[in-house]
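What follows is a single structure, written as structure tokens, with notes after it.
Just the heavy atoms: all of them, side chains too, but no hydrogens, waters or symmetry mates, feed the values below.
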Amino acid sequence: MAEIRPFRGIRPSREKAAAVAALPYDVYTRKEAEKEVERNPESFLKVDRAETQFPLSVGMYEDRVYQRAHDTLWKLVEDGTLIREDRQCYYLYELTMNERVQTGIVACASIDDYMTNVIKKHEQTRQEKEEDRIRHVDVCSAQTGPIFLAYRANDVIREVIAEEKKREAEYDFVSGDGIRHRVFVIRDDAATKKIADAFAGIDSIYIADGHHRAASAVKVGLKRRKEHPDYTGEEAFNYFLSVLFADDELMIMGYHRVIRDLNGYSFQGFYREMTKRFELSVIRDTKDACPKERGTFTMYIDGHWLSCRIKEEDRDPSDPVRDLDVSILQEKLLRPVLGIGDPKTDGRIDFVGGIRGMEELVRRCSEDCAVAFALYPPSIAELFAVADAGRLMPPKSTWFEPKLRSGLFIHEI
């Protein structure tokens, strides 16, 4: 059963929250991060991406970059920009996007639950990305970006959330992308116990987003266990910062593919290969370019949008991974025709998050790519089924919106 604990958080003062809150470190290129910190010097990106405080000649992974992250973080505590909670708390983190509301419980999850698969994964991690966050967490002695977890909706937790949201919000602001963020501090002992007990009765928690951050936090925790062989299990390093959302509140967007060339095919030859594999139709109105249902994807090529329907004989309901639209696209087209054997490492493929819209796919095809594929997103039920089976989704299968902000909650270890 899941151990989901309150913690003594470090967080911005009320008047600084809006300025400090930053999108996750990994949604920015280095240049984009530098521009954001230049635009807003109070952004938490200066901690999460401390290379923004150095010239380009300084590598992102140099020791001094991680030391600067540490120094910047703890200076923010010293000067009062960040404050320490006076007790262990849960928090509620409500995000509103286009009038759709989702509310998560900010807490700490157990590294043991991660290792015993009570906390389930659906995505493979890459060593080099883990190493960066391992060093960041270890040097800073803090987890600065929450892991986005999901659980099957629970009536007790839902009732506690509804009751606590009747109180005054600690933070209430709208970020530059139009997302409203509200945070509530849960100080009531009875509510705290109800939450902890409810999660103790849940047998599976799922990583929705943040696999690398989770893996890195766990590895730092294991490292510190070795450094402290007399550890009791109560130490902060045995837990990692999380925000947990009920499955029925979440939205997944498509994660699209752009390919740099047609692998030697002419347009006509490639089109013939497509017709062998999928049912094609011309999209005459660009507002229909985004796929509308499972089993379909759309393709942009040579200035035109086409709708592509997966054939029923290519589906495999007995296999939760092979039955995914993204898997069928990979195995029926990207691998055998376009020669994309491993999407994790092949430089000819790139990925575009659904929030960027169809316009970004058109732009990429006008600049550096030959063809784009827009995918209908997997459902949260499909994600759970893959994780429950102990399997992994293809890379870049899910894009969650809205993104959790970093800097609003920090867990010192």
Side-chain angles (χ1 to χ4, degrees), residues 6-28 30 32-55 58 60-91 93 106-108 132-147 169-177 179 181-185 210 213 216-217 220 224 236-237 239-243 403-413:
F7 68 107
R8 189 181 176 195
I10 296 173
R11 57 183 179 83
S13 61
R14 184 176 292 193
E15 62 274 11
K16 291 289 187 180
V20 169
L23 283 166
Y25 75 95
D26 53 358
V27 306
Y28 293 97
R30 181 166 183 172
E32 289 170 342
E34 288 174 351
K35 287 181 180 178
E36 179 60 21
V37 171
E38 183 179 348
R39 184 192 69 80
N40 174 20
E42 294 185 285
S43 170
F44 199 75
L45 268 182
K46 66 184 180 183
V47 175
D48 269 352
R49 297 288 294 271
E51 75 274 11
T52 57
Q53 301 184 55
F54 292 92
V58 176
M60 293 173 59
Y61 308 124
E62 292 189 26
D63 290 346
R64 54 181 159 167
V65 172
Y66 296 100
Q67 188 60 46
R68 178 65 63 85
H70 169 279
D71 296 346
T72 303
L73 172 62
W74 296 107
K75 184 177 183 299
L76 292 173
V77 175
E78 290 174 11
D79 69 19
T81 299
L82 301 177
I83 58 174
R84 274 193 178 90
E85 204 71 63
D86 59 5
R87 57 173 293 173
Q88 291 192 334
C89 301
Y90 290 117
Y91 305 85
Y93 183 12
V106 186
C108 280
D132 168 48
R133 286 302 105 174
I134 286 170
R135 294 181 68 191
H136 193 278
V137 171
D138 200 24
V139 172
C140 289
S141 214
Q143 299 152 359
T144 59
I147 287 78
E170 182 70 14
Y171 308 143
D172 187 347
F173 64 91
V174 177
S175 51
D177 54 1
I179 309 299
H181 305 261
R182 292 204 301 165
V183 169
F184 303 80
V185 184
R213 276 167 282 165
S216 301
V220 173
R224 295 206 172 186
F237 58 70
Y239 300 87
F240 59 88
L241 180 64
S242 307
V243 186
K403 298 294 184 189
L404 309 182
R405 267 35 180 195
S406 294
L408 291 179
F409 315 98
I410 296 153
H411 177 225
E412 183 179 5
I413 61 168

Any chance the rings of F7 and Y239 have centres within less than 6.0 Å?
no
Which residues pass the side-chain contact (heavy atoms from CB on, under 4.5 Å) test with D86, sequence neighbours left out?
none
Can you list the residues that meet the side chain to side chain donor-acceptor pair (under 3.5 Å) rule with R405, with sequence neighbours excluded?
S175, D177
Does R133 make a cation-pi contact with Y25, if we ask for NZ or CZ under 6.0 Å from the ring centre and within 45° of the axis?
yes
The reported gap from CD1 in I179 to NZ in K403 (rounded to nearest 0.5 angstrom) is 11.5 Å
If you look at every heavy atom in R84 and V77, which pair is closest and at what distance?
NH1-CG1, 3.8 Å
Mind listing the closest non-hydrogen atom pair of P55 and R30 along with its distance?
O-NH2, 3.2 Å
With no hydrogens and no angle check, do the side chains of H136 and Y66 hold a donor and an acceptor under 3.5 Å apart?
no
Close side-chain approach of R11 to I83, heavy-atom, < 4.5 Å
yes
To the nearest 0.5 Å, how far apart are SG in C140 and CG in L73?
5.5 Å
Using the side chain to side chain contact (heavy atoms under 4.5 Å, CB included) rule, take V220 and I413 through it: C-alpha gap first, then chi angles, then the decisive distance, then the call.
CA-CA 10 Å; V220 173; I413 61 168; 3.8 Å; yes
Around atom CD of E38, are there more than 12 heavy atoms of other residues, nucleotides or ligands at under 6.0 Å?
no
Assess, by modelled atom type and distance only, whether the side chains of T81 and E42 contain a donor and an acceptor separated by less than 3.5 Å.
no
Show the nearest heavy-atom pair for residues G407 and V20, with the distance to one decimal.
O-CG1, 3.9 Å
Show the nearest heavy-atom pair for residues A21 and F173, with the distance to one decimal.
CB-CZ, 3.8 Å
List the atom of A217, the atom of F240, and the distance in Å for their closest heavy-atom pair.
CB-CB, 3.6 Å
To the nearest 0.5 Å, what is the distance between CD1 (I147) and OG (S242)?
5.5 Å
Minimum heavy-atom distance between Q53 and K46, given as atom pair plus value:
NE2-O, 2.8 Å
Does a side-chain N-to-carboxylate-O contact under 4.0 Å join R49 and E36?
no
For F54, does the six-membered ring have the charged nitrogen or CZ of R68 within the cation-pi criterion, i.e. under 6.0 angstrom from the centroid and within 45° of the normal?
yes
Would you say Q67 and D63 are linked by a side-chain donor-acceptor pair, where the criterion is simply a distance under 3.5 Å?
no
